[in-house]
2 protein chains.
Amino acid sequence: MEAVLTAAVGLLDEAGESALTFRALAARLGTGVGSIYWYVASKDELYDRATDHVLGAVLATVEGLPDSDDPIDDLRGMAVTLFDAIVDRPWLATYFMRNTDVQENSLRLYEKLGQQTLRLDLTPRQRFHAVSAIVGVVVGTAADLGQEPPEEVLDGTVGRDEFLGRYARAWRALDPEEFPFVHEIVDEFDGHEDKDQFLAGLELTLAGLRLQAGVPPAL
Amino acid sequence: MEAVLTAAVGLLDEAGESALTFRALAARLGTGVGSIYWYVASKDELYDRATDHVLGAVLATVEGLPDSDDPIDDLRGMAVTLFDAIVDRPWLATYFMRNTDVQENSLRLYEKLGQQTLRLDLTPRQRFHAVSAIVGVVVGTAADLGQEPPEEVLDGTVGRDEFLGRYARAWRALDPEEFPFVHEIVDEFDGHEDKDQFLAGLELTLAGLRLQAGVPPAL
DNA sequence: ACCTGAACACCGTTCAAGT
DNA sequence: ACCTGAACACCGTTCAAGT
């Protein structure tokens, strides 16, 4: 079982999501296709378990993070840790927290995030929503960024900057009367860092949460 | 082309994502598989165009929304409209704003959202991040909720409530010392409405944005 | 209890050939 | 300019048969 998951993650890391097939996995393990089905009932379950397998390290990192005075700061730190893990392995986004029966580490990560909200003056309902919102921002943004860009970008023929630049050029050519917002932000879009975008979005959620909990902004 | 997209959306609506195959689409159109490739270079492009096709109606709805005094309220209204559309057709989440060359309606929707931020006292960078964050919350949450639940739920054998209830039961059985947060929120989780979860998360982002723009909370 | 691998029922995509 | 459909190169999953 361990070996199956390690091999699956290996394939994913080395050659991306399209490389994980039962045939390739069997070949890597030196067995037949059918034998994998003894450990796992479907590809979905394989992904569920592979996700939890990988999340073990993320959980360990999060558990190693020291509690500060400010639970909101600690939530930010955990969210960033999770975000980085998903950027590295975009397939995590789809499977994180999908089946907590099988995903003990996912559940523990959820618990860890939630424990910070216990330090805030909130109702149970607000806590539930707060953690859902944070997980949503992390997973949603990371998944969006992890979308395979058009094959030219992966080819290395075209770098990410040039890829953004092309869109920026097309956007600048739009009618400014009709697209005032696109013109307003096109310079920001051009060459932007995905991580900054994520951090800014996370900050809005955290600011809202801080307000809700009646914590004065720590400037 | 129009006919191809209408047929594709029809298949998606009637029988879900797995029903959209080139063979089924060709059969519905009364032609051969190959002919679809004259209109569309790949399945990805088919999805890109189908998404934009459907977003036409969403854009029309959003354009019909009257501007209120409060741009934040208007942002909420637009976000909810988009959210509802994605809940109805979860595949939109993956393709929205993925290729604005082909997706004019996606771009116009993005513009419409952005125009509300022009009414707020923000920098271009803050506006860019604000719209990204809102789109992230909408798409991220809707995508998460739109994930096909285990087949038993679709069977109708087990309703959504019982599905949540099963998890709730498992969670209540966890050690309260080790999982204080899970215990804190399990009653909220049990039988919760997805839409409330979305609205609460959106509210946190909007509250953060309101704070950033220096708008006093309109109570 | 665990493995094997041929076989089944599909896919997206291509392409020589047609009108 | 647009359509055809057989063929190619794959998939996930099943299952009778083995150890």
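In the text below, chain A, chain B and the rest are named by the order of the sequence lines, each starting its count at 1.
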Exercise. Mapping Ala41(A) and Gly32(B) onto DNA chain D by nearest heavy atom, which one lands closer to the 5' end?
Worked result: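 Checking each residue's closest nucleotide, the 5'-ward one belongs to Gly32(B).
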
Exercise. Which whole number of Å gives the distance between the P atom of dA17(C) and that of dC2(D)?
Worked result: 22 Å

What is the distance from [atom1] of [X] to [atom2] of [N], rounded to the nearest Å?
| X | N | atom1 | atom2 | answer |
| --- | --- | --- | --- | --- |
| Glu17(B) | dC11(C) | CD | P | 14 Å |
| Asp44(A) | dT13(D) | CG | C1' | 13 Å |
| Trp38(B) | dT13(C) | CH2 | C1' | 18 Å |
| Leu46(A) | dC11(D) | CG | P | 14 Å |
| Tyr39(A) | dA1(C) | OH | P | 13 Å |
| Tyr47(B) | dG12(C) | OH | C1' | 12 Å |
| Phe22(A) | dT13(D) | CZ | P | 5 Å |
| Arg23(A) | dC11(D) | CZ | C1' | 6 Å |

Charged N-O contact under 4.0 Å between [X] and [Y]:
| X | Y | result |
| --- | --- | --- |
| Asp73(A) | Arg76(A) | yes |
| Arg172(B) | Asp187(B) | yes |
| Asp190(B) | Arg169(B) | no |

Exercise. Is the distance from OP1 or OP2 of dT4(C) to the nearest side-chain N or O of Thr31(A) less than 4.0 Å?
Worked result: yes

Exercise. Does OP1 or OP2 of dC10(C) have a side-chain N or O of Thr21(B) closer than 4.0 Å?
Worked result: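 Answer is no, no contact under 4.0 Å.
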
Exercise. Does CD in Glu63(A) sit with more than 12 non-hydrogen atoms of other residues, nucleotides or ligands closer than 6.0 Å?
Worked result: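 Yes, because the 6.0 Å sphere around CD of Glu63(A) holds more than 12 heavy atoms from other groups.
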
Exercise. Does any nucleotide pair with dT14(C) by Watson-Crick or G-U wobble geometry, both distances under 3.5 Å, and what is it?
Worked result: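 dT14(C) is paired with dA6(D).
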
For this session: Pick base, sugar-phosphate or nothing for Leu29(B), based on heavy-atom distances below 4.0 Å to the nucleic acid.
Result: nothing

Exercise. Roughly how far apart are Leu46(B) CG and Leu12(B) CG, rounded to 0.5 Å?
Worked result: 8.5 Å

